[in-house]
Amino acid sequence: MKVNSPSAAVEKAAGDGIKAWNSGGSHLLARRVIQFTMFLVGFAVVWMFLYSSASPFGFPTFSNYFMDDSAKAKYDPKLERVLRNASMKDKTVIITTLNDAWAEPGSIFDLFLESFRLGNQTEKFLKHLVVITWDQKAHARCLALHNHCYYLETKGDNFTGEAFFMTADYLNMMWRRIEFLGSVLDMGYNFVFTDTDIMWLRDPFKRFYKHTDFQIACDYFNGNSYDLNNFPNGGFNYVKSNSRTIRFYKFWFNSRSSYPKLHDQDVLNKIKKNSFISNMKLSIRFLNTDYFGGFCHHAEDFNEVLTMHANCCVGLENKVSDLKILLEDWKKYVALPENEKKQFHPSWSISCR
(Lines give C-alpha, C1' and ligand atoms only; values in the text may rest on other atoms or scores of the structure.)
Protein backbone atom coordinates (compact mmCIF):
# COMPACT_ATOMS: atom_id res chain seq x y z
CA MET A 1 0.00 0.00 0.00
CA LYS A 2 1.57 3.36 -1.11
CA VAL A 3 1.77 6.24 1.31
CA ASN A 4 1.38 9.53 -0.49
CA SER A 5 1.43 11.86 2.51
CA PRO A 6 3.81 14.85 2.60
CA SER A 7 5.69 13.40 5.57
CA ALA A 8 6.39 10.20 3.66
CA ALA A 9 7.81 12.16 0.73
CA VAL A 10 10.18 14.01 3.05
CA GLU A 11 11.38 10.75 4.60
CA LYS A 12 11.94 9.24 1.14
CA ALA A 13 13.98 12.28 -0.01
CA ALA A 14 16.09 12.12 3.12
CA GLY A 15 16.70 8.46 2.56
CA ASP A 16 17.75 9.05 -1.03
CA GLY A 17 20.15 11.79 0.16
CA ILE A 18 21.80 9.43 2.65
CA LYS A 19 22.21 6.79 -0.05
CA ALA A 20 23.75 9.40 -2.40
CA TRP A 21 26.24 10.48 0.31
CA ASN A 22 27.12 6.89 1.11
CA SER A 23 27.69 6.03 -2.53
CA GLY A 24 29.26 9.23 -3.97
CA GLY A 25 30.01 11.72 -1.19
CA SER A 26 32.58 9.51 0.43
CA HIS A 27 34.48 9.30 -2.86
CA LEU A 28 34.38 13.10 -3.21
CA LEU A 29 35.80 13.54 0.28
CA ALA A 30 38.54 11.02 -0.42
CA ARG A 31 39.52 12.85 -3.62
CA ARG A 32 39.73 16.16 -1.78
CA VAL A 33 41.88 14.66 0.98
CA ILE A 34 44.24 13.18 -1.64
CA GLN A 35 44.46 16.48 -3.55
CA PHE A 36 45.22 18.43 -0.38
CA THR A 37 47.86 15.90 0.65
CA MET A 38 49.51 16.11 -2.78
CA PHE A 39 49.57 19.92 -2.50
CA LEU A 40 51.31 19.72 0.88
CA VAL A 41 53.84 17.21 -0.45
CA GLY A 42 54.56 19.38 -3.50
CA PHE A 43 55.01 22.48 -1.38
CA ALA A 44 57.35 20.58 0.95
CA VAL A 45 59.47 19.39 -1.99
CA VAL A 46 59.81 22.93 -3.40
CA TRP A 47 60.63 24.32 0.03
CA MET A 48 63.28 21.67 0.68
CA PHE A 49 64.86 22.33 -2.73
CA LEU A 50 65.17 26.03 -2.00
CA TYR A 51 66.26 25.34 1.54
CA SER A 52 69.13 23.09 0.50
CA SER A 53 70.39 24.85 -2.62
CA ALA A 54 71.42 28.33 -1.61
CA SER A 55 73.13 28.67 1.75
CA PRO A 56 76.88 28.66 2.25
CA PHE A 57 76.32 25.47 4.23
CA GLY A 58 73.22 24.39 2.32
CA PHE A 59 70.92 25.44 5.16
CA PRO A 60 70.00 29.12 5.04
CA THR A 61 67.16 30.90 6.70
CA PHE A 62 63.88 30.65 4.82
CA SER A 63 63.69 34.41 4.43
CA ASN A 64 66.69 34.45 2.08
CA TYR A 65 64.57 33.06 -0.75
CA PHE A 66 61.36 34.96 -0.46
CA MET A 67 62.72 38.48 -0.35
CA ASP A 68 60.06 40.88 -1.51
CA ASP A 69 61.98 43.03 -3.96
CA SER A 70 58.91 45.18 -4.52
CA ALA A 71 58.58 46.13 -0.86
CA LYS A 72 60.77 49.22 -0.64
CA ALA A 73 61.71 50.43 2.81
CA LYS A 74 61.47 54.06 3.74
CA TYR A 75 64.86 55.74 3.83
CA ASP A 76 66.13 58.87 5.48
CA PRO A 77 65.12 61.88 3.36
CA LYS A 78 68.58 63.37 4.06
CA LEU A 79 70.21 60.35 2.42
CA GLU A 80 67.80 60.56 -0.51
CA ARG A 81 68.76 64.21 -0.99
CA VAL A 82 72.52 63.59 -0.75
CA LEU A 83 72.39 60.74 -3.27
CA ARG A 84 70.19 62.72 -5.65
CA ASN A 85 72.47 65.75 -5.55
CA ALA A 86 75.60 63.67 -6.16
CA SER A 87 74.15 61.34 -8.78
CA MET A 88 75.31 61.07 -12.37
CA LYS A 89 72.67 61.06 -15.11
CA ASP A 90 72.34 57.28 -14.92
CA LYS A 91 71.84 57.36 -11.12
CA THR A 92 75.42 56.31 -10.34
CA VAL A 93 77.24 57.64 -7.28
CA ILE A 94 80.74 57.12 -5.90
CA ILE A 95 80.71 56.16 -2.22
CA THR A 96 83.39 56.01 0.47
CA THR A 97 83.23 55.72 4.25
CA LEU A 98 85.10 57.78 6.81
CA ASN A 99 85.71 57.82 10.56
CA ASP A 100 87.56 60.32 12.73
CA ALA A 101 90.89 58.45 12.67
CA TRP A 102 91.07 58.64 8.86
CA ALA A 103 89.61 62.17 8.72
CA GLU A 104 92.33 63.90 10.76
CA PRO A 105 94.18 66.68 8.88
CA GLY A 106 97.07 65.24 6.88
CA SER A 107 95.64 61.74 7.10
CA ILE A 108 93.95 59.37 4.64
CA PHE A 109 90.98 61.57 3.69
CA ASP A 110 93.18 64.49 2.64
CA LEU A 111 95.30 62.20 0.46
CA PHE A 112 92.19 60.61 -1.02
CA LEU A 113 90.77 63.96 -2.10
CA GLU A 114 94.16 65.10 -3.36
CA SER A 115 94.41 62.06 -5.63
CA PHE A 116 91.26 63.18 -7.48
CA ARG A 117 92.86 66.58 -8.11
CA LEU A 118 96.20 65.10 -9.20
CA GLY A 119 94.73 62.32 -11.31
CA ASN A 120 94.20 62.42 -15.04
CA GLN A 121 90.60 63.65 -15.60
CA THR A 122 89.47 62.49 -12.15
CA GLU A 123 88.67 65.79 -10.43
CA LYS A 124 85.26 65.80 -12.14
CA PHE A 125 84.25 62.79 -10.05
CA LEU A 126 84.41 64.72 -6.79
CA LYS A 127 80.95 66.16 -7.52
CA HIS A 128 79.61 62.59 -7.59
CA LEU A 129 81.42 61.45 -4.43
CA VAL A 130 79.28 60.70 -1.36
CA VAL A 131 81.19 60.39 1.91
CA ILE A 132 79.45 58.25 4.53
CA THR A 133 80.71 59.29 7.95
CA TRP A 134 80.69 57.01 11.00
CA ASP A 135 80.91 59.70 13.72
CA GLN A 136 80.23 63.38 14.33
CA LYS A 137 83.89 64.48 14.19
CA ALA A 138 84.41 62.83 10.83
CA HIS A 139 81.16 64.37 9.60
CA ALA A 140 82.23 67.86 10.62
CA ARG A 141 85.58 67.38 8.90
CA CYS A 142 83.84 66.09 5.77
CA LEU A 143 81.52 69.08 5.60
CA ALA A 144 84.53 71.41 5.84
CA LEU A 145 86.12 69.83 2.76
CA HIS A 146 83.36 68.31 0.64
CA ASN A 147 79.78 68.90 -0.52
CA HIS A 148 78.14 65.48 -0.22
CA CYS A 149 78.43 64.04 3.29
CA TYR A 150 76.00 61.78 5.12
CA TYR A 151 76.26 60.81 8.78
CA LEU A 152 75.27 57.16 9.19
CA GLU A 153 74.19 56.69 12.79
CA THR A 154 75.10 53.31 14.28
CA LYS A 155 73.40 52.69 17.59
CA GLY A 156 75.56 50.97 20.17
CA ASP A 157 78.75 51.12 18.07
CA ASN A 158 81.69 53.49 18.30
CA PHE A 159 83.58 53.78 15.02
CA THR A 160 85.54 56.92 15.90
CA GLY A 161 89.02 55.46 16.36
CA GLU A 162 91.16 53.32 14.10
CA ALA A 163 89.35 50.01 13.59
CA PHE A 164 92.14 47.45 13.70
CA PHE A 165 91.82 44.53 11.33
CA MET A 166 89.47 41.74 12.55
CA THR A 167 88.62 43.40 15.86
CA ALA A 168 84.94 43.55 16.86
CA ASP A 169 84.71 47.21 15.79
CA TYR A 170 86.26 46.38 12.43
CA LEU A 171 83.85 43.52 11.75
CA ASN A 172 80.82 45.56 12.79
CA MET A 173 81.93 48.44 10.58
CA MET A 174 82.44 46.20 7.54
CA TRP A 175 79.06 44.50 7.92
CA ARG A 176 77.27 47.78 8.53
CA ARG A 177 78.85 48.95 5.29
CA ILE A 178 77.48 45.96 3.35
CA GLU A 179 74.03 46.53 4.82
CA PHE A 180 74.13 50.22 3.88
CA LEU A 181 75.33 49.59 0.32
CA GLY A 182 72.50 47.12 -0.12
CA SER A 183 70.06 49.86 0.86
CA VAL A 184 71.59 52.20 -1.75
CA LEU A 185 70.89 49.56 -4.41
CA ASP A 186 67.37 49.19 -3.05
CA MET A 187 66.88 52.93 -3.53
CA GLY A 188 67.68 52.49 -7.22
CA TYR A 189 71.24 53.88 -7.31
CA ASN A 190 74.24 52.25 -8.95
CA PHE A 191 77.47 52.84 -7.07
CA VAL A 192 81.21 52.62 -7.22
CA PHE A 193 82.36 51.88 -3.70
CA THR A 194 85.94 52.91 -2.96
CA ASP A 195 87.91 52.63 0.25
CA THR A 196 89.38 55.98 1.28
CA ASP A 197 92.92 54.56 1.06
CA ILE A 198 92.53 54.15 -2.72
CA MET A 199 94.13 56.79 -4.90
CA TRP A 200 92.17 57.71 -8.04
CA LEU A 201 94.73 58.38 -10.79
CA ARG A 202 92.63 57.91 -13.95
CA ASP A 203 88.99 57.46 -14.96
CA PRO A 204 88.06 53.88 -13.95
CA PHE A 205 84.79 53.89 -15.89
CA LYS A 206 86.74 53.45 -19.12
CA ARG A 207 87.90 50.03 -17.89
CA PHE A 208 84.71 48.78 -16.26
CA TYR A 209 83.04 45.84 -17.99
CA LYS A 210 79.76 46.47 -19.80
CA HIS A 211 76.62 44.48 -19.03
CA THR A 212 77.95 43.30 -15.66
CA ASP A 213 75.98 43.39 -12.41
CA PHE A 214 78.86 43.21 -9.95
CA GLN A 215 82.55 43.84 -10.61
CA ILE A 216 85.19 43.96 -7.94
CA ALA A 217 88.91 44.63 -7.53
CA CYS A 218 91.33 41.91 -6.49
CA ASP A 219 94.21 41.48 -4.09
CA TYR A 220 95.58 39.03 -6.66
CA PHE A 221 94.27 38.60 -10.20
CA ASN A 222 94.83 35.36 -12.13
CA GLY A 223 94.27 36.82 -15.61
CA ASN A 224 90.69 35.64 -16.14
CA SER A 225 88.05 38.21 -15.18
CA TYR A 226 85.31 35.53 -15.13
CA ASP A 227 87.16 33.12 -12.87
CA LEU A 228 85.57 32.88 -9.42
CA ASN A 229 88.90 31.65 -8.05
CA ASN A 230 90.24 35.22 -8.11
CA PHE A 231 90.87 36.85 -4.72
CA PRO A 232 88.44 39.79 -4.51
CA ASN A 233 89.02 42.90 -2.43
CA GLY A 234 85.85 44.48 -1.08
CA GLY A 235 87.45 47.93 -0.99
CA PHE A 236 86.60 48.71 -4.61
CA ASN A 237 83.60 47.57 -6.61
CA TYR A 238 81.11 48.80 -9.19
CA VAL A 239 77.56 47.55 -8.71
CA LYS A 240 74.45 48.22 -10.78
CA SER A 241 71.08 48.41 -9.09
CA ASN A 242 68.69 45.66 -10.18
CA SER A 243 66.73 42.81 -8.61
CA ARG A 244 69.74 40.48 -8.80
CA THR A 245 72.21 42.76 -6.99
CA ILE A 246 69.61 43.74 -4.38
CA ARG A 247 69.02 40.07 -3.54
CA PHE A 248 72.74 39.35 -3.69
CA TYR A 249 73.59 42.01 -1.11
CA LYS A 250 70.84 40.75 1.18
CA PHE A 251 72.16 37.21 0.81
CA TRP A 252 75.71 38.41 1.44
CA PHE A 253 74.69 40.27 4.58
CA ASN A 254 72.56 37.39 5.88
CA SER A 255 75.48 35.00 5.35
CA ARG A 256 77.25 36.77 8.19
CA SER A 257 75.44 34.50 10.65
CA SER A 258 76.89 31.42 8.94
CA TYR A 259 80.45 32.75 9.28
CA PRO A 260 80.41 34.85 12.48
CA LYS A 261 84.20 35.17 12.73
CA LEU A 262 84.84 36.26 9.14
CA HIS A 263 84.67 39.72 7.62
CA ASP A 264 82.66 40.61 4.54
CA GLN A 265 85.46 39.95 2.06
CA ASP A 266 86.13 36.43 3.33
CA VAL A 267 82.42 35.66 3.43
CA LEU A 268 82.20 36.78 -0.20
CA ASN A 269 84.92 34.26 -0.99
CA LYS A 270 82.81 31.58 0.70
CA ILE A 271 79.55 32.36 -1.07
CA LYS A 272 80.71 33.48 -4.54
CA LYS A 273 80.27 29.94 -5.95
CA ASN A 274 76.98 29.30 -4.16
CA SER A 275 74.15 27.99 -6.30
CA PHE A 276 71.81 30.72 -5.03
CA ILE A 277 74.00 33.32 -6.77
CA SER A 278 74.46 31.31 -9.96
CA ASN A 279 70.75 30.48 -10.12
CA MET A 280 69.80 34.15 -10.01
CA LYS A 281 72.07 34.74 -13.04
CA LEU A 282 74.14 37.42 -11.30
CA SER A 283 76.99 38.44 -13.62
CA ILE A 284 80.30 38.83 -11.76
CA ARG A 285 83.63 40.06 -13.16
CA PHE A 286 86.99 40.62 -11.45
CA LEU A 287 89.05 43.73 -12.19
CA ASN A 288 92.59 43.42 -13.53
CA THR A 289 95.31 44.56 -11.11
CA ASP A 290 97.25 45.96 -14.09
CA TYR A 291 94.70 48.78 -14.00
CA PHE A 292 93.17 48.54 -10.52
CA GLY A 293 96.34 47.95 -8.54
CA GLY A 294 97.40 47.98 -4.95
CA PHE A 295 100.25 47.31 -2.56
CA CYS A 296 99.45 43.57 -2.73
CA HIS A 297 99.90 43.55 -6.51
CA HIS A 298 101.21 46.76 -8.08
CA ALA A 299 99.88 48.24 -11.28
CA GLU A 300 103.38 48.72 -12.69
CA ASP A 301 102.64 50.61 -15.92
CA PHE A 302 102.17 54.28 -15.06
CA ASN A 303 100.60 54.78 -18.49
CA GLU A 304 97.78 52.34 -17.67
CA VAL A 305 97.19 52.52 -13.93
CA LEU A 306 93.74 53.75 -12.85
CA THR A 307 93.64 53.29 -9.08
CA MET A 308 96.10 52.21 -6.37
CA HIS A 309 94.97 50.73 -3.07
CA ALA A 310 96.97 50.66 0.16
CA ASN A 311 95.99 47.03 0.77
CA CYS A 312 98.45 44.54 2.28
CA CYS A 313 99.63 47.42 4.46
CA VAL A 314 98.72 47.34 8.14
CA GLY A 315 98.43 50.42 10.33
CA LEU A 316 97.20 53.92 9.66
CA GLU A 317 100.66 55.50 9.99
CA ASN A 318 102.15 53.07 7.47
CA LYS A 319 99.35 53.67 5.00
CA VAL A 320 99.67 57.46 5.24
CA SER A 321 103.43 57.31 4.77
CA ASP A 322 103.32 55.15 1.67
CA LEU A 323 100.35 56.90 0.09
CA LYS A 324 102.25 60.18 0.34
CA ILE A 325 105.20 58.52 -1.41
CA LEU A 326 102.84 57.09 -4.04
CA LEU A 327 101.42 60.53 -4.84
CA GLU A 328 104.95 61.96 -5.10
CA ASP A 329 105.81 59.22 -7.60
CA TRP A 330 102.69 60.09 -9.55
CA LYS A 331 103.44 63.81 -9.59
CA LYS A 332 106.91 63.14 -10.99
CA TYR A 333 105.36 61.03 -13.72
CA VAL A 334 102.70 63.63 -14.56
CA ALA A 335 105.37 66.35 -14.82
CA LEU A 336 107.14 64.49 -17.65
CA PRO A 337 106.64 65.66 -21.27
CA GLU A 338 104.08 63.53 -23.11
CA ASN A 339 106.64 61.96 -25.42
CA GLU A 340 108.76 60.86 -22.46
CA LYS A 341 105.87 59.28 -20.53
CA LYS A 342 105.52 56.43 -22.99
CA GLN A 343 109.26 55.74 -23.03
CA PHE A 344 109.84 56.20 -19.31
CA HIS A 345 109.28 53.16 -17.07
CA PRO A 346 109.19 54.36 -13.48
CA SER A 347 108.45 52.15 -10.50
CA TRP A 348 106.65 52.83 -7.23
CA SER A 349 108.78 53.75 -4.24
CA ILE A 350 106.30 52.35 -1.73
CA SER A 351 107.64 49.82 0.75
CA CYS A 352 104.70 48.72 2.95
CA ARG A 353 103.84 45.11 2.08
Stepwise side chain to side chain donor-acceptor pair (under 3.5 Å) test for Asp219 and Asn233: CA-CA 6 Å; Asp219 284 335; Asn233 185 295; 2.6 Å; yes
In short, disulfide (SG to SG under 2.5 Å) pairs touching residues 84-153 with sequence neighbours left out are Cys142-Cys149
Working to the nearest 0.5 angstrom, can you tell me the gap between Trp252 CH2 and Thr245 OG1? 12.0 Å
Same cluster or not: are Leu228 and Tyr249 linked, directly or through other Ile, Leu, Val, Met, Phe, Trp or Tyr residues, by side-chain heavy atoms under 4.5 angstrom apart? yes
To the nearest 0.5 Å, atom CG of Leu126 lies from atom NE2 of His146 at 6.5 Å
Provide the closest heavy-atom pair for Ser183 versus Tyr75 in the form atom of the first, atom of the second, distance. CB-CE2, 3.5 Å
When you measure from the side chain of Asp329 to the backbone N and O of Lys332, does any donor-acceptor pair fall under 3.5 Å? no
Can you establish whether the number of heavy atoms outside Phe208 located under 6.0 Å from its atom CZ is more than 12? yes
First locate atom OG1 of Thr307, then atom CG of Leu201, and finally report the distance between them rounded to the nearest 0.5 Å. 7.5 Å
Calculate, to the nearest 0.5 Å, the distance between atoms SG and NE2 belonging to Cys218 and His309 respectively. 12.5 Å
Test of understanding: clusters of I, L, V, M, F, W, Y form through side-chain heavy atoms closer than 4.5 Å, transitively. Do Tyr151 and Leu79 belong to the same one? no
Checking side-chain polar atoms at under 3.5 Å, does Asn222 have a donor or acceptor matched by the opposite partner on Asn224? no
Rounded to the nearest 0.5 angstrom, the CE-CZ distance for Met199 and Phe116 is 8.5 Å
Is any side-chain N of the basic residue among Asp110 and Lys324 closer than 4.0 Å to the acidic one's carboxylate O? no
Test the Arg285-Tyr226 pair against the cation-pi criterion, namely NZ or CZ under 6.0 angstrom from the six-membered ring centroid and within 45° of the ring axis. yes
Got a second to check how far Asp290's CG is from His297's NE2, nearest 0.5 Å? 6.5 Å
Closer than 3.5 angstrom, by distance alone: can the side chain of Ser257 be matched with the main-chain N or O of Asn254 as a donor-acceptor pair? yes
Evaluate Leu185 against Phe191 for side chain to side chain contact (heavy atoms under 4.5 Å, CB included), listing each step before the verdict. CA-CA 8 Å; Leu185 294 173; Phe191 65 76; 3.5 Å; yes
Using a 6.0 Å distance limit plus a 45 degree cone around the ring axis, check whether Lys341 lies over the aromatic ring of Tyr333. yes
Set of residues satisfying salt bridge (Lys or Arg N to Asp or Glu O under 4.0 Å) with respect to Asp195, sequence neighbours excluded: Arg177
Residues Ser283, Asp213; criterion side chain to side chain donor-acceptor pair (under 3.5 Å); working and verdict: CA-CA 5 Å; Ser283 56; Asp213 296 322; 3.1 Å; yes
Under 3.5 Å, is there a donor-acceptor pair between the side chain of Asp186 and the main chain of Gly182? no
Between Phe248 and Phe251, does the ring centroid distance fall short of 6.0 Å? no
When Trp200 is tested against each of Thr194, Asn120, Thr122 for side chain to side chain donor-acceptor pair (under 3.5 Å), which residue passes? Thr194
I'd like to know if Arg117 and Glu114 make a salt bridge, using a cut-off of under 4.0 Å between side-chain N and carboxylate O. no
Examine Phe253 together with Phe180 and report whether their ring centres are nearer than 6.0 Å. no
Among the clusters formed by ILVMFWY side chains lying less than 4.5 Å apart, do Val267 and Ile216 turn up in the same one? yes
I'd like to know if Leu145 and Leu111 are part of one continuous hydrophobic network [Ile/Leu/Val/Met/Phe/Trp/Tyr, side-chain heavy atoms within less than 4.5 Å]. yes
My understanding is that only one of Ile95, Leu113, Thr96, Asn147 makes a side-chain contact (heavy atoms from CB on, under 4.5 Å) with Val131; could you say which? Thr96
Please evaluate residues Tyr238 and Asn190 with respect to the criterion side chain to side chain donor-acceptor pair (under 3.5 Å), reporting the C-alpha separation (whole Å), side-chain torsions for both, the decisive distance (0.1 Å), and the verdict. CA-CA 8 Å; Tyr238 176 34; Asn190 316 308; 5.4 Å; no
